[in-house]
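Right, one structure below, let's go through it.
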Amino acid sequence: MGRHDRGRHRSGRDRPRGAARGARRGSAARHGRARPRPCGGARLARPAHPLGAHGRTAQRRAGRAPRSRRPGPARRHAHRRQRHRALAGHPGRQRRAGPCGAAARTRGPRPRHRLDRCGHRPTGPGAAVRPGRHPPDPGQARRQARRPGDRVRLGAGPPGRAAPSHGPHGRGRGQHRGHPNRPRARPPGRTGRDRRRGDLGRYARRGTDRTRLVRIPLEGVAHVSKSLVVAIDGPSGSGKSSTSRGVADRLSLAYLDTGAMYRAMTWALLERRVDLQDPDAIAKAADDVRLTSGTDPLDPTIHVDGIDVAGPIRGDDVTGSVSLVAAVPHVREMLVDLQRETIAQSDGIVVEGRDIGSTVAPDAPVKIYLVADPAARAARRAAETGASDTAATELALARRDEIDSTRAASPLAKADDAVVVDGTHLTLEEVIDTIVGIVDAAR
Ligand SMILES: Nc1ncnc2c1ncn2[C@@H]1O[C@H](COP(=O)(O)OP(=O)(O)OP(=O)(O)O)[C@@H](O)[C@H]1O
Ligand SMILES: Nc1ccn([C@H]2C[C@H](O)[C@@H](COP(=O)(O)O)O2)c(=O)n1
């Protein structure tokens, strides 16, 4: 962490209560993954639609819908705008300008190929019917088909016991909704993602039988996950979430916001009136908290005991206390365990936090340490939340960084082999481009 990231102040909060940040955090899982349990097993969530909202589009594109029902240009554009909005922010957190907004394109050269005029790769049906302008994304159909409601979950059942099946109807990923034991048929031919996997070699696709639960040991996630893991760490407000989601979307990977997990745990302990100055009380109470994370980069979700807490975990009370909870070793052990399960269950994932490259996934083949000057971080966060006092926002960010980087248990730290990306003078899209380039180079 650079010198600018550290601060000495112990007061101040960097987000207004309850509002803002949840706006980018989504409320319904479309393509998260398994639902890990506290001491082992993972269970899979039931998708709202077998292919999700995008999956319907993929079906139409595959020719299953009559031509008359295919979306017209207006709908295509609306669809594309919707995706851009999803990447720009989480529900509940107000954003002044997303990646399609003017603020996202004020500096630097125009992005290279494959981006629409907002600086994004074209998505949605329109992309496929205008190959001359926007080459179709070969991984899109698979990405969309992968989204339905996969989720990861902590605390869903008795510790140490694998759940007998996935989801309320015993369905696992890769199965038809109505046929619990039948694997979903793979489309003929290789998808773009298959081709990428072929290039990767060591990241070859995992077996298709994902109905069995896996107990993931705390040590070494790389031993259990052969999929691509991109670890993105950095100080508060450096752009980890926005960037990670963009990278995950671009590369058809899942996305895990580990900060949201610590926040959700904090929210749950506040609800239970646990004394957050007492690490023992925190550790004891934490055992009973059930966390569920959705890993769709366009719609990440977080639930506590089935309650959607995406909005509340961005409140001042949680933001002001989360570093205390995150410093408790038992909490970290639980959540790191869950994070490793999520990684292992994924077909490839971008994981953001403070200790991903150093502790959670030390063998991740791509590690990024994302930084930005404190003033830039504060200005962006203030613009995002509507806070008028940028100085106070900067102090609040510095305060959290100070606690997070000086705690004993896996503090905020750059892994030795992480690549430092400084986003101070880059647009969000440029940061995403940079990291996608690093991932491509590592393949
Ligand atoms: N390169 C960039 N250019 C302009 N704005 C950016 C850039 N990267 C991120 N932002 C904006 O900065 C704000 C903070 O970004 P983000 O929430 O992704 O940071 P973070 O590191 O995940 O924060 P936290 O540590 O609090 O979770 C957001 O409003 C985001 O849109
Ligand atoms: N891997 C992680 C992720 C987050 N934390 C802590 C540190 C932060 O203050 C807090 C909230 O994170 P944010 O949502 O702001 O990214 O959670 C951590 O200790 N380890």
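Just the heavy atoms: all of them, side chains too, but no hydrogens, waters or symmetry mates, feed the values below. Indexing begins at 1, ligand by ligand and atom by atom, following the structure's order.
Under the 4.0 Å criterion applied to side-chain N and carboxylate O atoms, Glu402 and Arg399 are not assigned as salt-bridge partners. Residues Lys284 and Asp278 are not paired through a salt bridge, judged by the lack of any N-O separation under 4.0 Å between the basic side chain and the carboxylate. No salt bridge links Asp288 with Arg272; every basic N to acidic carboxylate O contact stays at or beyond 4.0 Å. In summary, Arg250 and Glu429 engage in a salt bridge, as defined by a charged side-chain N under 4.0 Å from a carboxylate O.
When only modelled atom types and interatomic distance are considered, Asp287 and His330 share a side-chain donor-acceptor pair under 3.5 Å.
Although no hydrogens or angles enter the test, the distance criterion places no donor-acceptor pair under 3.5 Å between the side chain of Thr295 and the main chain of Ala254. Looking at Thr393, its side chain never comes within 3.5 Å of a backbone N or O of Ala378 through a donor-acceptor pair.
For ligand 2 and Ser323, the ligand atoms under 4.0 Å from any heavy atom of the residue are 9 (O). Below 4.0 Å from some heavy atom of Thr258 lie the following atoms of ligand 2, by number and element: 1 (N), 2 (C), 3 (C). Close approach to Arg381 involves these atoms of ligand 1, each under 4.0 Å from a residue heavy atom: 14 (C), 16 (P), 17 (O), 19 (O), 23 (O), 24 (P), 26 (O). Close contacts between ligand 1 and Val431 involve ligand atoms 1 (N) [criterion: under 4.0 Å to a heavy atom]. Numbered from 1 in the order shown, with element, the atoms of ligand 1 that lie under 4.0 Å from a heavy atom of Arg354 read 25 (O). Atoms of ligand 2 lying under 4.0 Å from at least one heavy atom of Ala326, given by number and element, are 6 (C), 19 (O). The contact set between ligand 2 and Asp355, taken as ligand atoms under 4.0 Å from a residue heavy atom, comprises 1 (N), 2 (C), 20 (N).
Of all the heavy atoms of Arg400, the ones lying under 4.0 Å from any atom of ligand 2 belong exclusively to the side chain. Counting heavy atoms closer than 4.0 Å to ligand 1, residue Leu426 contributes backbone atoms (N, CA, C, O) but none from C-beta onward. For Thr243, no heavy-atom contact with ligand 1 is shorter than 4.0 Å.
Listed here is the closest heavy atom pair of Thr424 and Asp422: OG1-OD1, 2.5 Å.
Residue nearest to atom 18 (O) of ligand 1, selected from Gly353, Gly234, Ala376, Ser242: Ser242 (by heavy-atom distance). Which of Glu352, Arg400, Arg263, Arg380 comes nearest to atom 4 (C) of ligand 1 through a heavy atom is settled by distance: it is Arg380. Between the choices Arg263, Met261, Gln339, the shortest heavy-atom distance to atom 13 (P) of ligand 2 belongs to Arg263.
The closest approach between any non-hydrogen atom of Arg407 and ligand 2 is below 4.0 Å. Residue Ser236 places every heavy atom at 4.0 Å or more from ligand 2. Using 4.0 Å as the threshold, Ser238 has a heavy atom nearer than that to some atom of ligand 1. Using a 4.0 angstrom heavy-atom cutoff, Arg332 counts as in contact with ligand 2. For the ligand labelled ligand 2, residue Arg314 lies inside the 4.0 Å heavy-atom shell.
Checking only distances, Lys240 never comes within under 3.5 Å of ligand 2, N or O to N or O.
A distance of 10.0 Å separates CG of Leu335 from CG of Asp355, quoted to the nearest 0.5 Å. Between the OG atom in Ser410 and the CZ atom in Arg354 there is a gap of 11.5 Å [rounded to 0.5 Å]. Summarising the geometry, atom CD1 belonging to Ile232 is positioned 10.0 Å from atom CD1 belonging to Ile356; distances are rounded to the nearest 0.5 Å.
In terms of the side chain to side chain donor-acceptor pair (under 3.5 Å) criterion, residue partners of Ser323 (sequence neighbours excluded) are, by chain and number, Asp404.
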